[in-house]
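Before any comments, here is the structure.
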Amino acid sequence: MFKALQLTQDGKATLAKVCELDDSALPAGEVLVEVVASSLNYKDGLAVTGKGKIIRDFPMVPGIDFAGKVLESSDDRYQAGDEVVLTGWGVGERHWGGMAQRARVKADWLVPMPKGGDHHKAMMIGTAGLTAMLCVQALEDAGVKPEHGEVLVTGASGGVGSVAVSLLSQLGYEVVASTGRVEENGDMLTALGAKTLMPRSELEAECRPLERSRWAGIVDTVGGQVLATALAQANYGGAAAICGLAGSFALPTTVMPFILRGVSLLGVDSVMCPLEKRQRAWNRILEILPQSYFDQACTSISLEQVHDYADRIVKGQVTGRVLITL
Ligand code: NDP
């Protein structure tokens, strides 16, 4: 028997309950994993509270991330005892996920534990951290270099944002952290490497198609007017790596930044990201992130606390990353 958070549906309401399950309840897959840690992402918050249509088939074990040890494998790439990490691929959405002491998954979805990683560090990074690294790599691939000027990170106190601030600063970029919580999280963001703090309200007002240019690069987790304003302020040849919709899925922009300043809009997805790119990103994050990131920007919770934290992450009240210890 093992402990799991299970979601069921009662009418339109999603109910979350910690229960005991048997291995036979697990879905099909080549690899059985003893999950040591999972994490809470914004998408998990939407799934657990039922505030977003993330899950269609109930009952479901949520958790889009996990790290653990292989117990059994019918795939040659993995043996019992191997340490593995999983993020994305619809796990915790369509296939039972990481908020349980055991998971059975496809071997194709796993990544061997990257060098220098352990279960807890891997989950303090999780989908949010991987996405932050993919955003940074997208800016690098678009030619954005530290000497080109300031890089803006929106939703900076969140999981993706806080890792992006730390990674960019470690790589030598001058980071401007946009946050709705300057007072509450300013010290943490400065400690993570932000050179300047910018209240979110400065980007929330409606803007002209082009504003005074300021950003060599943008990592956006928020969408909506915040992203539209940032794009209007992008430098000639600048680039924006966009991954999120914490503010809005709308993008009320014009073609002007793109056709007059050659700005590039770079979409970033971590869920279906191909294995090779994923592994490269995982290895780089662990090389780049300093120990101080793990000390400063992570909270550890139990399975029983997930519902409360899911509610908070959806309301934008969580800071940094939330690790779930199993
Ligand atoms: P978090 O909730 O940890 O962070 C989001 C941050 O956005 C908050 O901390 C807050 O930062 C800011 N924010 C919250 N509400 C609003 C609002 N109404 N308007 C403007 N800003 C707001 O989430 P994650 O970091 O886990 O994810 C961020 C986004 O990225 C989500 O939309 C998520 O779905 C998406 N995502 C996408 C992935 C992909 O593969 N494309 C993968 C992972 C995440 P502050 O208080 O500092 O302003």
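One is the number of the first residue; the rest follow in order along the sequence. Whatever order the structure lists ligands and atoms in, that order sets their numbers, starting from 1.
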For atom 32 (O) of ligand 1, which candidate among L245, V322, V271 holds the nearest heavy atom? L245
Find all atoms of ligand 1 within a distance of less than 4.0 Å from any non-hydrogen atom belonging to G244, and give their numbers and elements. 29 (C), 30 (O), 32 (O), 35 (C)
If the threshold is 4.0 Å, N to carboxylate O, is there a salt bridge linking E304 and K3? yes
Heavy-atom distances under 4.0 Å are what count here, so tell me which part of A156 touches ligand 1: side chain, backbone, both or neither. backbone
Counting from 1, what ligand 1 atoms have a heavy atom of D269 closer than 4.0 Å? 40 (O), 41 (N)
Of the non-hydrogen atoms in V182 and P199, which two are nearest, and what is the gap between them? CG2-CA, 3.8 Å
Measuring from the heavy atoms of I313, does anything fall under 4.0 Å of ligand 1? yes
Decide if atom CG of D23 counts as having more than 12 heavy atoms of other residues, nucleotides or ligands within a radius under 6.0 Å. yes
Quick test of your reading of the structure: of G129, G159, G180, whose heavy atom lies closest to atom 48 (O) of ligand 1? G180
Contacting atoms of ligand 1, where contact means under 4.0 angstrom from a heavy atom of T127: 42 (C), 43 (C)
Looking only at distances, can you tell me whether any N or O atom of G316, backbone or side chain, sits closer than 3.5 Å to an N or O atom of ligand 1? no
Would the number of heavy atoms belonging to other residues, nucleotides or ligands and lying under 6.0 Å from CD of E206 be above 12? no
Whether over 12 other heavy atoms sit under 6.0 Å from D76 CG: no
Side-chain heavy atoms under 4.5 angstrom apart, residues restricted to Ile, Leu, Val, Met, Phe, Trp, Tyr: same cluster for F249 and Y42? yes
K43 heavy atom under 4.0 Å from ligand 1: no
Should one rank N185, V160, L134 by closest heavy-atom distance to atom 25 (O) of ligand 1, which comes out on top? V160
Would you check the N or O atoms of A246, main chain and side chain alike, for any that come under 3.5 Å of an N or O of ligand 1? yes
Check: of R312, M198, R181, min heavy-atom distance to atom 9 (O) of ligand 1 comes from R181
Minimum non-hydrogen distance to atom 45 (P) of ligand 1, winning option of N41, T179, V165: T179
